[in-house]
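Each remark here refers to the structure printed beneath this line.
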Amino acid sequence: CHLSLPHRHSRPPIRLQLGCWTPPQTHERSPSPLRGNVVPSPLPTRRTRTFSATVRASQGPVYKGVCKCFCRSKGHGFITPADGGPDIFLHISDVEGEYVPVEGDEVTFKMCSIPPKNEKLQAVEVVITHLAPGTKHETWSGHVVSS
């Protein structure tokens with residue numbers, strides 16, 4: 001069966017065949033380590049952080065953790081704290097040192113609250129202390145080193 005839809009102006013009618021539509025095939029997405037974690041919006045960066053928040057964070061304690069995931073192209077990732085608790089958001093602007101973090105890297109970091117509600121935390125002053133063994137690490141300039 002066919003159905004003609006009325007159109008304005010002088011366009012020819014479009015004919016639709018009813019009952020023949022098939023939904024597009026769905027593809028299974030590969031599991032992303034970023035999925036399941038809530039990325040703050042807008043992204044809190046070193047540049048957008050207030051001076052007082054930066055001072056409070058730098059005076060705070062140093063924590064240890066492991067990089068859960070980091071996506072250089074997106075500019076963020078998450079750290080799993082060594083003492084447990086929820087994963088901590090990490091922005092590219094808060095990574096110190098010459099290497100891009102990868103999953104399994106041991107890190108030290110300080111914490112800063114994320115505005116506007118200051119209910120969530122992000123890692124700042126992040127330093128890779130031990131590169132994950134058996135992985136390739138990239139420097140910020142693009143040089144690749146195997147560990």
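Every value quoted in this text rests on a predicted model; they were computed, and no experiment measured them. All residue numbers refer to positions in the sequence shown, counting from 1. Values below: all heavy atoms of this structure, side chains included; hydrogens, waters and symmetry mates excluded.
- A perpendicular orientation is assigned to the rings of His76 and Phe78, their planes being inclined by more than 60° (bins at 30° and 60°).
- Within the structure, ring pair (Phe, Tyr, Trp, His ring centres under 6.0 Å) pairs that include any residue of residues 121-147 do not occur (at least two apart or interchain).
- In this structure, Pro101 and Cys67 approach most closely via the heavy-atom pair CB-SG, 4.0 Å.
- For the pair Gln122 and Met111, the minimum side-chain heavy-atom distance is 4.5 Å or more.
- A distance of 16.0 Å separates NZ in Lys64 from OG1 in Thr80, rounded to the nearest 0.5 Å.
- Of the residues listed (Leu90, Val127, Val107, Val100), the one engaging Val95 in a side chain to side chain contact (heavy atoms under 4.5 Å, CB included) is Leu90, and it is the only one.
- Note that CG of Leu131 is 10.0 Å distant from CD of Glu106, once rounded to the nearest 0.5 Å.
- The side chain to side chain donor-acceptor pair (under 3.5 Å) search around Thr129 returns none, not counting sequence neighbours.
- By the salt bridge (charged side-chain N to carboxylate O under 4.0 Å, His left out) test, Glu138 is found to be paired with Arg72, residues two or more places apart in sequence or in another chain being considered.
- Distance check, rounded to the nearest 0.5 Å: CD1 of Ile88 to NZ of Lys110 gives 15.5 Å.
- Listed by chain and residue number, Asn118, Leu121 satisfy the side chain to side chain contact (heavy atoms under 4.5 Å, CB included) test with Ser113 (two or more places apart in sequence, or in another chain).
- Atom CD of Glu98 and atom CD1 of Ile128 lie 9.0 Å apart (nearest 0.5 Å).
- Residues Phe109 and Glu125 form no side-chain contact, since every pair of their non-hydrogen atoms from C-beta on lies 4.5 Å or further apart.
- The two residues Lys136 and Val102 have their closest heavy-atom pair at O-CG1, 4.0 Å.
- With sequence neighbours left out, the side chain to side chain donor-acceptor pair (under 3.5 Å) criterion links Ser146 to no other residue.
- Qualifying ring pair (Phe, Tyr, Trp, His ring centres under 6.0 Å) partners for Tyr99, counting only residues two or more places apart in sequence or in other chains: none.
- Side-chain heavy atoms closer than 4.5 Å link hydrophobic residues (I, L, V, M, F, W, Y) into clusters, and following such links, possibly through other members, connects Ile79 to Phe70.
- Between Lys68 atom NZ and Asp87 atom CG the span is 4.0 Å, to the nearest 0.5 Å.
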